Structures are given as C-alpha cells and as structure tokens.
Number of protein chains: 2
Amino acid sequence: MKARATIRDVAKKSNVSLMTVSRVVNQKGNISKATAAKVLKAIRELNYRPNITARSLAAKKSDFIAIIVPDISNPFFSEMMKGAEDFARENGYNIFLGDTEGKVELEKEYIDAAINRMADGIVLVAPRLENNLICEINDNIPLVIVDRSINKNDIPQVYIDNLKGAMSAVEHLINLNHKNIAFLSGPKDVQDSLQREKGYIMALKKHNIPVNPKLMLIGDFSFEGGRDAFEKFFSNYPKPTAIFASNDIMAFGLIQRAHEMNVKVPKDVSIVGFDDILLSSLINPPLTTIRHPMLKMGIKAVELLVNKLNNKLDTKISFILENTLIVRKSTRRIE
Amino acid sequence: MKARATIRDVAKKSNVSLMTVSRVVNQKGNISKATAAKVLKAIRELNYRPNITARSLAAKKSDFIAIIVPDISNPFFSEMMKGAEDFARENGYNIFLGDTEGKVELEKEYIDAAINRMADGIVLVAPRLENNLICEINDNIPLVIVDRSINKNDIPQVYIDNLKGAMSAVEHLINLNHKNIAFLSGPKDVQDSLQREKGYIMALKKHNIPVNPKLMLIGDFSFEGGRDAFEKFFSNYPKPTAIFASNDIMAFGLIQRAHEMNVKVPKDVSIVGFDDILLSSLINPPLTTIRHPMLKMGIKAVELLVNKLNNKLDTKISFILENTLIVRKSTRRIE
DNA sequence: TATGATTATGATACCGCTAACAGTCAATAG
DNA sequence: CTATTGACTGTTAGCGGTATCATAATCATA
C-alpha cells in the first residue's frame, strides 16, 4: 500500500503555505494563476488526494447523507434508493446505506451510526419506529422521513397516498361488479398497512358493501405470506371473487398458490396488488396494481434534505406523491 | 439542533482525563470500576456520542467499507448487497454504497470517494473497468473484486463460474433435442458476457452442433433488449427452437415479446435465462435458468475483505461460486 | 497623494479523537 | 527493604484538514 501524500507534502513541494494549497484544492478565495499552477503540478506529481474525513472534522460537515431503508433487495426500496443516490451525487453528496431488515433495533443502530459519523442528514424509511423517537432524532440531525406521515410540521416528509391508492384499487374491483372482495393486509404495526386497510374499508362503505372480517387477513409483505393467505382465503367460506393485496409481492404469492390450487386468475378470482414493481407486468397474468413513483420519492426526499441543509426549505415540506391504478390482466368483470 | 457533547465535556464533568474517557468508551486498557461508572454516568447525562469521524482520523481506520455496484435496483446486486451489508455490520463495519449505473466514469468517482473518505476497503463490482486500473487501485486501498476474474494473485476475488453455467444451460437445451439454439449475449465489454458466450460455443462444439452467427445477438442485459432481440430472432431465418439469454431480465423480455407475437413458450420456443432472480419463478412460464448464490457472493466478498484488513488472509483468495441449473417450465423437449 | 478596498498569501489555533509514552501507587518478589 | 511488576490515570503530540485573523502588495478613488 502506497503512503498517502498530505496537504503538507504538497505545500512543501510547491513552496507555499498549507492554506494556499487548501484554497487551490477547494477553489475558494483568491489565488494567482501562477501559484495555482505550481500547486496543481505538485498535487499531480504527488498524486495528492484530499482527506475528506479530516476535512469533515475541520469543516463540521461531511457531505454525505445516510439513507436508511427496511430492505434494499425489495425493488420498491432499491428503486427509491436509486433516485436518492442519483440526486445526492449530482449535488455533491455521497450516500451511506443502512438496511434495517425492518427491525427497530437496526434502525436505531444505523441512526446512531449516521450521527456518530457526522452524516449531514438522514433520509429515513422506518415504518415502525415510534413517533417520539423520530422527533428526538430530528433534534440531533437534519431528517427527512419517507413513506410515513407524522404530525409534526417541522419535519420534512414524503409519502404516498396509501388511502387513495387502496380506495382506487378496491373501487376498480367494485366497478367490475365484485362484492366478495378479500383484503390481505400488511403488518399491523406499519402505517402503510393501516392506511391501505382504511382505504379498503372506505371504498366498501362508500358503495354500501358490508365489511366482512372473514375476508380480511394479515400478511407480512412477503411472497410466502401471499401463498399462505391464498390458501386460507380459499379454504374459508365465503370464497372471495377478488383479492386486494397490500403489496405486489404478496399478490405474486397469491397468484402462484392459485395456480397450484388450480384456481384461475382472473377467471375464478381477480387480484389487485400495490406498488407496481418492475416485474408486476411480467408475471402471468400481468398484475393490476397501484403504481407510485418510487424513483421520484427518493429524489424528492434527498431534495428536501439538501434544501434543509442549505436553509432553503420552502414552507411546504410535506409531499404526498400521487399513485395511479394500472389495469392489467389479473382482474376481470364478473356477473 | 442540540449542541453535541465532546469527549472533553465528559472528561471535565467526570473529573478525569480525556484518555480515561476514551478508554471507557472503547473498553481498552484498564480502568477501575469506580471511574468507569463515574465516566459512564457523565456520558449518559451529557448524551455523549463518540465522533467516529474524529476517531477515524486519529486512529487511521474508519470501520467502513465501500461497496460499488453497477445497479442496486437490479435484484442480482441488491441481493448481493444484502449479504455484504449483513456480514459487514456483524463485523463492526458500515457500508458506503456506490451505484455506478455501469458507467466507468462513475466507478472511478466512487472509488475516489472511497479512498478520500478513508474507507478501510472496497468491494468492487465493476465489469468494465480496465485491469491495470484495478491493480492501481489495489495499490492504494484494500480491494476485493467481485463478479470478474483478474489474473493477479494478490487481489482477492469472488466470481461465478459463468462458463460452466452457460454450458449447463445450453447442454440442457441440447439434451432436450434442440439444435437451433440462439444466444442473446450481454454487452461485449464485460467479462461475464464473454464467458457466457464462450460456454455457449463450447457446449455446441462439444455436441458437434455448428455455431451459427445468425443465431447470436448482442443485448444490453435490459428487459427492452430482450424484447428487441426476440423480434430480430423471429424475423430471421432460421428461426431458433430455443434461446439462451445471458441474464433473466433479458429472458423476461424475450418471453414478453413472444407472448405479444403469439409465439408460445415453451411450445414454439424454449427459453433459458441466467441468474435466477427472485421473480424468475413467478413469471409465465416459470423460467428455466442458472442460479448462483448472490447473497453468498456478497458475504464472501466482505469476508475476504475483512480478513485482508486483519491480515488473516488465507493463501486461497480466489473463490469461484458454483451455480446450478434450475429447470422450470420455459423449456421443453422437441422431436 | 493619501486612503481605503481588493488581491494574494501566511501563521496559528483548532476540529474531536487516539497513540505513545510517562507517571503514580500498591502489591509482589527477591 | 529495595526492586519489579502490574493496574490505573494523565500529558503530549499528532491525524489532515479548515477558519480566522494578520500581513503585504497592488489597485482604484477622491
């Protein structure tokens, strides 16, 4: 491993002071062309690279932000991440990643790491962290929260309209004449799930369809969870003619188990998902689902954070991103 | 934003020296129970958090490693990432993420960022970076390269056996009596692609099937690329009875376009993919493909790096991970 | 021409922490 | 009873940068 040149080495080699080198490197302040050239030459010859850790310490800013998500291998989050990462880089920030596996304990660990490493800010996707903890974090480090809303008007937040999304999914089924519409919820301790359930119930009520608890199951957002749920739904009376799943992955599970149990989708049962992840259009049948702009969510989140860091925050700091119903082949009209 | 307590504040409050606090925090050296308790109390009361940036600078190690991948929204890499991230955390490291979008320019940018931020090491997935550059990086920072092999025996590397994988995919088709087997390659400037093509050719030769350039197309690993390729294959004479795609995503594209053009899979054409990403089993028809252990690859890569950092590297530093043929419904025997 | 403003550079004091060495004191050994 | 050891704590000098203030030289302005 080669030894690394420091700013002092460069200063010595080019016969100027530390500060002159620093100014050249950061293009700050005034330096004559001549000295700049001299310094630049020394930098090249020594292969000098500024030590950003040292800079962070001295300048009290690190130019990186932490993004903490429940699961990067979930297309939903990796897509969001991509948007975030991109926007961050374009604005001179690097990204520190935390994958919490949905565990509160890991969420805390990563938040601590971010603070201790002097992250300039955090973009946090932590569906089950308690509200008061979030406020506490917000006192320690600039924060943007994603995919959940919190009733605190000084914390920037970006989230999707789960309620409206769920309603339009269910109303789509109702419009196709379905009455026995089952609902496969996500875990009850995350806000998304609750909102989607609320949307389901509101849609039914709006159209005077009774809410039947037997048609409601709680899943865990996993593929396996979807499979299990399908089996339960179809071993129960009354069998639903349609199922609305709280996310696409569970919908995939439903569909796969349906195939195996020889129940045809959409002939025997219509299925609607939520998220429109990349592959929802590719499965058989292509999934009717709710699309929300994941990339945009990532971009918006970092944008808010960067603005906050530059004290350029608008008065509007809460963004609800609109979702759209994508009708494909997993739903059909019944008589 | 609250002001942050420093180690000095703690020292003052508990009437000990800086070093004593440092020792308590890091559990290094000997401290009496009494002073430890005193210091711990002060730490709690001041809500002190060690500044890891400062620590990194002083201790010349940062306890984080950079992982640089072409595309985290690609399940292949996000899965790998997950393994890496997990293993890293368990060993006291955090992860810095770089998504290069497959661009050499961004690869360089992230490598620089990693070095400048004093990353302890880099796990690099950079299929098209030139070999000599990789060696150069290896002189500056501990490096593990993933998903490509390089003929340099001091750089730890983990990769999959693309050649064998491709061969077994093609031989599977040959065993099903196919002769007109098309090949959809990845970009020609990445090693994976080259190896898979080599495997395709070797399998054909081994079974005395002539290699027909008309049946070979170059794709870009994208879904769209798969769609386009299918169209080309089927507007060309001779039409293949089977297609081996260099990755699953392209295979999905092939299948989708096939559906649209009313060509039945596997009745009219058999399709084999490569990667076995999560959703390959869920599409219609479920995809026959080559599975490689992505999670394991991430774990192994970080394991090698951590060992290297602790000077515990075995003599064996090159790992080829075995892949397996997963036979599903997208391939069938012909007469 | 005297004055203030601007440009170009340097000296110094940190940022918050750790490594390395230097004590102090009590216990144990010779 | 002195020497040695080990447990415990402190002092000092950085790590590699930047902020801040100071200084000298140059320039424009009244």
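Throughout, protein chains are lettered first and strands after them, A, B, ... in sequence-line order, and every chain is numbered starting at 1. All values derive from a computational prediction rather than experimental measurement.
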By side chain to side chain donor-acceptor pair (under 3.5 Å), which residues pair with A:R148, not counting sequence neighbours?
A:N131
Hits for side chain to side chain contact (heavy atoms under 4.5 Å, CB included) against A:E109, two or more places apart or cross-chain, chain-then-number order -> A:L106, B:R89
Considering residues at least two apart in sequence or located in another chain, which fulfil the side chain to side chain contact (heavy atoms under 4.5 Å, CB included) criterion with B:E130?
B:N132, B:L133
Under the side chain to side chain contact (heavy atoms under 4.5 Å, CB included) rule, collect the residues that match up with B:K82, sequence neighbours excluded.
A:D71, A:S73, A:D99, A:E101, B:L295
Could you tell me how far apart A:D63 (CG) and D:dT18 (P) are, to the nearest whole angstrom?
11 Å
Indicate for each nucleotide in nucleotides 10-20 of chain C, in 5' to 3' sequence, whether protein heavy atoms under 4.0 Å reach the base (B), only the sugar-phosphate (S), or nothing (-).
BB---BBBBBB
Please enumerate all residues that pass side chain to side chain contact (heavy atoms under 4.5 Å, CB included) together with A:T35, with sequence neighbours excluded.
A:V16, A:I31, A:S32, A:K38
How would you list, by chain and number, every residue that makes a side chain to side chain donor-acceptor pair (under 3.5 Å) with A:R128, sequence neighbours excluded?
A:D189
Report yes if a side-chain nitrogen or oxygen of B:S32 is closer than 4.0 Å to either non-bridging phosphate oxygen (OP1 or OP2) of D:dA7; otherwise report no.
no
Give every pair of a protein N or O atom and an N or O atom of nucleotides 23-27 of chain D that lie under 3.5 Å apart, one pair per line with the distance.
none

Give every residue pair that meets the ring pair (Phe, Tyr, Trp, His ring centres under 6.0 Å) criterion with at least one member in residues 295-319 of chain A, sequence neighbours excluded.
none
Holding to side chain to side chain donor-acceptor pair (under 3.5 Å), I want the full list of residues that pass it with A:T20, two or more places apart in sequence or in another chain.
A:S17
Between the two ends of the helix from C:dT1-D:dA30 to C:dG30-D:dC1, what is the bend in degrees, rounded to 10 degrees, where each end axis spans five pairs?
40°
Residue list, ring pair (Phe, Tyr, Trp, His ring centres under 6.0 Å) with B:Y48, at least two apart or on another chain:
none
Return whichever of B:M118 or B:T35 has its heavy-atom-nearest nucleotide of DNA chain D closer to the 5' end.
B:T35
Taking all non-hydrogen atoms of both residues, which atom of A:D154 and which atom of A:I317 are closest, and how far apart?
C-CD1, 3.8 Å
